[in-house]
Protein chains: 2
Amino acid sequence: MAVTIKDVARLAGVSASSVCRTLADPGAVLPGTREQVEKAVRELGYYPNRAARGLSTGRTGNLGVVLPDLANPFFASVVKAAQTQARRLDYAVFLSDIDEDPAVETLLIRALAKQVDGFLLCSPRSSDDELRAFAGHTPIVLLNRRIGPFPSVTVDAADGMRQALTHLHALGHRRVAYVAGPRSSWSNRERLRGLRAVAGTLGVDLVEVGNVPPTVEGGVSIADVVLASTVTAVLAYNDLTALGLLNRFHARSVAVPGDISVIGFDGILLSALVSPALTTIAVEMDRIGRVGVDLLLETMTDPGRTPIRRVLPAQLIVRASTGPARPS
Amino acid sequence: MAVTIKDVARLAGVSASSVCRTLADPGAVLPGTREQVEKAVRELGYYPNRAARGLSTGRTGNLGVVLPDLANPFFASVVKAAQTQARRLDYAVFLSDIDEDPAVETLLIRALAKQVDGFLLCSPRSSDDELRAFAGHTPIVLLNRRIGPFPSVTVDAADGMRQALTHLHALGHRRVAYVAGPRSSWSNRERLRGLRAVAGTLGVDLVEVGNVPPTVEGGVSIADVVLASTVTAVLAYNDLTALGLLNRFHARSVAVPGDISVIGFDGILLSALVSPALTTIAVEMDRIGRVGVDLLLETMTDPGRTPIRRVLPAQLIVRASTGPARPS
DNA sequence: CAATCTCCTGGAAACGGTTCCAGACTGACC
DNA sequence: GGTCAGTCTGGAACCGTTTCCAGGAGATTG
């Protein structure tokens with residue numbers, strides 16, 4: 001059926017070992033042999049079976065990427081960048097969307113473990129112990145989560161929140177809501193932690209509402225609660241949630257930023273396109289994916305090294321959804 | 001290192017064959033044996049190596065999904081649905097984003113071919129001949145492209161365009177622009193074809209501009225050309241392009257739909273969130289992915305059968321970006 | 001010219017499974 | 001009790017590739 005190394009060997013009149021050697025290191029073989037082999041490879045359109053190679057070498061050439069929701073542009077951008085970087089380094093990518101379900105996450109990681117050389121776990125929802133168990137078998141790099149012994153790529157959410165709340169404070173806001181994302185999300189806890197700290201420093205009243213799913217629907221569903229909380233500004237867990245808020249506010253004829261200011265998180269493309277354009281705390285999504293792959297490959301080649309924990313900057317982008325506080 | 005079938009066999013005190021049998025068909029083995037094996041499996045946390053299994057059985061349990069751009073929410077939704085359906089049927093998914101580059105597409109398909117049981121090609125940019133060559137080795141299903149001998153899932157773009165142009169015609173529009181997407185895109189040609197046909201019937205002047213990349217930037221870049229063409233309405237290749245148009249129109253203080261009406265294609269989530277909310281020709285993105293996987297599995301189990309070509313409906317969703325034609 | 005060394009090659013084993021085949025054991029039937 | 005069918009088991013071969021090892025050929029040296 002498919003053309004194998006033996007077919008090439010037969011056509012070239014050499015052994016399978018020689019074909020293999022030619023492909024791995026053309027210099028290790030006589031020029032005549034190499035020529036024969038290369039000719040046969042071309043003629044048959046031979047391409048090595050990487051799964052079989054993986055069996056021999058213990059190196060599959062595959063990476064696993066696990067994420068909560070591909071419909072979230074944040075993750076789509078991250079995985080796109082990761083995939084591109086992986087391809088550049090000659091790795092293929094197994095993708096798993098777990099639909100925000102931690103149980104699926106565990107199962108999938110186990111099922112895929114033998115087929116990949118390492119995992120990129122985006123915002124993993126599993127417990128620390130489960131992660132430790134995975135890491136025992138396969139190298140992992142965490143994106144958007146930072147715990148003990150794992151290499152990770154995260155965002156300086158506290159600093160982002162500082163920029164955002166400072167911005168709101170300067171506009172006169174003194175009572176601000178935070179719409180919390182999934183309880184099991186490390187980023188959510190981290191954002192909230194940063195926010196609490198700076199709220200204390202600035203003397204801003206922080207009202208926490210939620211938790212909601214990190215989607216537009218989540219934002220829509222909590223918008224009325226936000227309005228009822230008599231705040232003059234609201235920070236959302238992420239841009240999708242913020243867009244949901246904007247949408248519901250618009251439907252209820254609540255002016256943004258006239259009646260209430262809104263700030264998102266992530267800096268997805270859409271945030272610039274809605275009107276009013278969303279003020280947001282932007283992160284470099286591409287870079288998260290790219291750096292994640294780089295870190296994973298380093299971890300794979302040298303599993304003993306001290307895990308690197310990269311923290312990328314967050315940057316407030318002020319657009320049209322924030323303005324002076326409505327006098328109360 | 002990793003736990004293999006032999007470890008299980010040793011612990012259970014049986015042969016590897018028996019372990020294999022127990023796992024494949026528990027009824028084929030004595031209850032005592034089964035118990036021992038199952039106990040050992042649990043104890044060791046054994047999970048079969050699917051790549052190794054693939055070598056023996058010729059069935060890898062993997063599907064390849066190839067798409068032009070994951071940052072486009074249309075493809076993200078399609079692949080999310082495909083991945084979910086694949087997982088339900090116990091397949092894992094190899095993902096490849098080719099960044100709109102046909103050369104990458106060819107290379108990737110070849111490289112992955114031995115590792116997957118079939119390919120789902122989303123809006124493939126390769127030539128018909130290349131596709132035929134791929135299909136000789138591995139089953140493929142085309143999404144968003146319909147040619148000769150391949151199973152495919154497409155959208156009734158002509159009918160969508162009919163609905164859209166009828167809508168515009170009823171609003172008094174007589175001169176309408178179409179912003180063309182990538183030249184190599186079958187959907188683009190198909191949409192244009194449908195549009196031309198119905199424009200002829202309705203007596204609407206069709207102005208074709210582009211081609212542009214199917215992105216927001218593409219829309220932004222062509223917006224001024226659209227304005228200069230003195231049309232009262234514009235249909236974009238897809239929603240992203242339409243959003244780009246809206247964005248640029250807004251920046252130039254061109255009123256939508258007061259000065260010009262805008263219609264998109266795909267029905268991505270964002271189209272409902274911008275303001276004015278985008279009138280669009282919506283397709284069932286989830287269903288494309290799901291049906292694509294189903295078709296692929298059917299093709300894999302019965303390669304000889306007549307290829308099924310599913311055409312899904314398109315549905316005009318009228319929102320706020322279309323209105324009566326400005327009298328000229 | 002023989003001995004050594006280098007370079008290249010083919011054969012064989014291994015990776016982790018699956019599956020075919022032959023043999024051992026059980027129970028039933030005559 | 002012997003035969004036979006049927007059930008269950010372990011051994012071996014195989015999937016496609018890599019890698020180790022031994023050996024052969026040619027070149028180099030004494």
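Since the structure is predicted, the reported quantities are computational estimates derived from the model, not experimental observations.
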Closest approach to the side chain of [X], judged atom by atom: which nucleotide of [options] is it?
X: B:Thr33; options: D:dT9, D:dT17, C:dT18; result: D:dT9
X: A:Ala52; options: C:dG17, D:dT19, D:dG16; result: D:dG16
X: B:Val29; options: C:dT18, D:dT17, D:dT9; result: D:dT9

Atom pair distance, as rounded to whole Å: [atom1] in [X] and [atom2] in [N]:
X: B:Lys6; N: D:dA12; atom1: NZ; atom2: C1'; value: 12 Å
X: A:Ile5; N: D:dC14; atom1: CD1; atom2: C1'; value: 16 Å
X: A:Gln115; N: C:dC15; atom1: CD; atom2: C1'; value: 15 Å
X: A:Glu35; N: C:dC8; atom1: CD; atom2: C1'; value: 17 Å
X: B:Leu55; N: D:dC15; atom1: CG; atom2: P; value: 10 Å
X: B:Asn49; N: C:dA14; atom1: CG; atom2: C1'; value: 14 Å
X: A:Lys114; N: C:dG16; atom1: NZ; atom2: P; value: 9 Å
X: B:Arg50; N: C:dG17; atom1: CZ; atom2: P; value: 12 Å

Let's test your reading of the model: under 3.5 Å, does the base of D:dG10 pair with the side chain of B:Arg21 as donor and acceptor?
yes
Side chains of [X] and [Y]: do they bring a donor and an acceptor to under 3.5 Å?
X: B:Asn49; Y: A:Gln115; result: no
X: A:Glu105; Y: A:Ser126; result: yes
X: B:Arg146; Y: B:Ser152; result: no

Starting from the 5' end of DNA chain D, give me the residue, B:Pro31 or B:Arg53, whose nearest nucleotide shows up first.
B:Pro31
Comparing nearest nucleotides in DNA chain D, the 5'-proximal residue of the pair A:Ala16, B:Thr57 is B:Thr57
Pick base, sugar-phosphate or nothing for A:Ser17, based on heavy-atom distances below 4.0 Å to the nucleic acid.
base
With A:Leu63 as reference, evaluate A:Val116, A:Leu120, A:Val293 under the side-chain contact (heavy atoms from CB on, under 4.5 Å) test and give the passing residue.
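Of all the options given, the one that passes is A:Val293.
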Step-by-step ring-ring contact (aromatic ring centres under 6.0 Å, His included) determination, A:Phe94 to B:Phe94
CA-CA 5 Å; A:Phe94 268 113; B:Phe94 269 112; 3.8 Å; yes
Can you see if the side chain of [X] gets near the phosphate of [N] - specifically, an N or O under 4.0 Å from OP1 or OP2?
X: A:Ser18; N: C:dG10; value: yes
X: A:Ser56; N: D:dT18; value: no
X: A:Tyr47; N: D:dG16; value: no

